[in-house]
Amino acid sequence: MSEKEGSNPLSHSRPAAADEQAAALVGALTARGETVAAAESLTAGLVCATLARVPGASAVLRGGLVVYATELKTALAGVDATLLADHGAVHPEVAAQLAEGARARCGATWGLGLTGVAGPAAQDGVEPGTVHVGLAGPGTRTVRTLALTGDRDLIRTQSVLAAFALLGEHLA
């Protein structure tokens, strides 16, 4: 399943919003006895770092894979090398496979996968602000595609918020 979001409801979010969402996710996952892991490209560990700021996160955060380099997406997260060769690293299916890889390799209930272009320049013909967030979990495999605006830091923060929102929707 793929979702496309043309508008950007996160355009005025602050890092505090990410901390609030992280706290809500840690609480929800703890209550459910579930865990999460992430394979992150453009966010380079920001999802896991934000979750880890929450007291009690160790009960639910299994781990993460920083797969900034394209070849590490295959080596560490198990993304199909042919997919990467044919479509590049910024593709919805890459996000889905990153999520599945994080979940499997870290032994988590839920896996998040993030890939995209934070800018300032395009990557492999993909414009800055293009982000794919994947989620894998019990009976779930979905990708949300975002068209974000802003500088590198804002795009990365918005990507974290989008990942948290996607997971939160499936925990509700």
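A77 and R105 get closest at one heavy-atom pair: O-NH1, 3.5 Å. Nearest heavy atom pair, residue A52 against residue A57, reads CA-CB, 4.0 Å. Residues A163 and L112 come closest through the heavy atom pair O-CD2, 3.8 Å. Closest heavy-atom contact between A38 and V47: CB-CG1, 4.0 Å. Shortest non-hydrogen contact noted between P128 and G119 is CB-CA, 3.8 Å. The two residues Q97 and D80 come nearest to each other via the heavy atoms OE1-N, 2.7 Å.
Distance alone, capped at 3.5 Å, places no donor-acceptor pair between the R62 side chain and the A108 backbone. Under a 3.5 Å cut-off, the side chain of E40 and the backbone N or O of G64 do not form any donor-acceptor pair. Looking only at distances, no side-chain donor or acceptor of E34 sits under 3.5 Å from a matching main-chain atom of W110. A distance-only check finds no donor-acceptor pair linking the side chain of Q123 to the backbone of V90 [under 3.5 Å]. Using a distance-only test at 3.5 Å, with no hydrogens or angles considered, no donor-acceptor pair links the side chain of R144 to the main chain of A162. No donor-acceptor distance shorter than 3.5 angstrom exists from the side chain of T43 to the backbone of R156, with no hydrogens or angles considered. With T74 contributing its side chain and V79 its backbone, the two residues share a donor-acceptor pair below 3.5 Å. For the pair T115 (side chain) and S41 (backbone), a donor-acceptor distance under 3.5 Å is absent.
Within the 4.5 Å cutoff, no side-chain heavy atoms of L25 are placed close to those of V36. Residues D19 and T50 meet the side-chain proximity criterion, which asks for heavy atoms closer than 4.5 Å. The closest side-chain heavy-atom distance from H87 to V94 is not below 4.5 Å.
Cluster annotation: L146 is not connected to V126 through the hydrophobic network of ILVMFWY side chains, with a link wherever side-chain heavy atoms come within less than 4.5 Å. Under the 4.5 Å side-chain contact rule for hydrophobic residues, V131 and F164 share a cluster. There is a path of hydrophobic side-chain contacts, each under 4.5 Å, that joins V54 to L167. In this structure, L171 is a member of the same hydrophobic cluster as V160, with clusters built from ILVMFWY side-chain heavy atoms closer than 4.5 Å. If you chain together hydrophobic residues whose side chains sit under 4.5 Å apart, L42 and V117 never meet in one group.
We find the OG-CG distance between S58 and L51 to be 12.0 Å, quoted to the nearest 0.5 Å. A distance of 10.5 Å separates CG of L76 from CG of L98, quoted to the nearest 0.5 Å. Of the inter-residue distances, the one linking T70 atom OG1 with L84 atom CG reads 6.5 Å to the nearest 0.5 angstrom. Expressed to the nearest 0.5 Å, how far OG1 of T140 lies from CZ of R103 amounts to 8.5 Å. With rounding to the nearest 0.5 angstrom, the OG1 atom of T149 is 6.0 Å from the CD atom of Q158.
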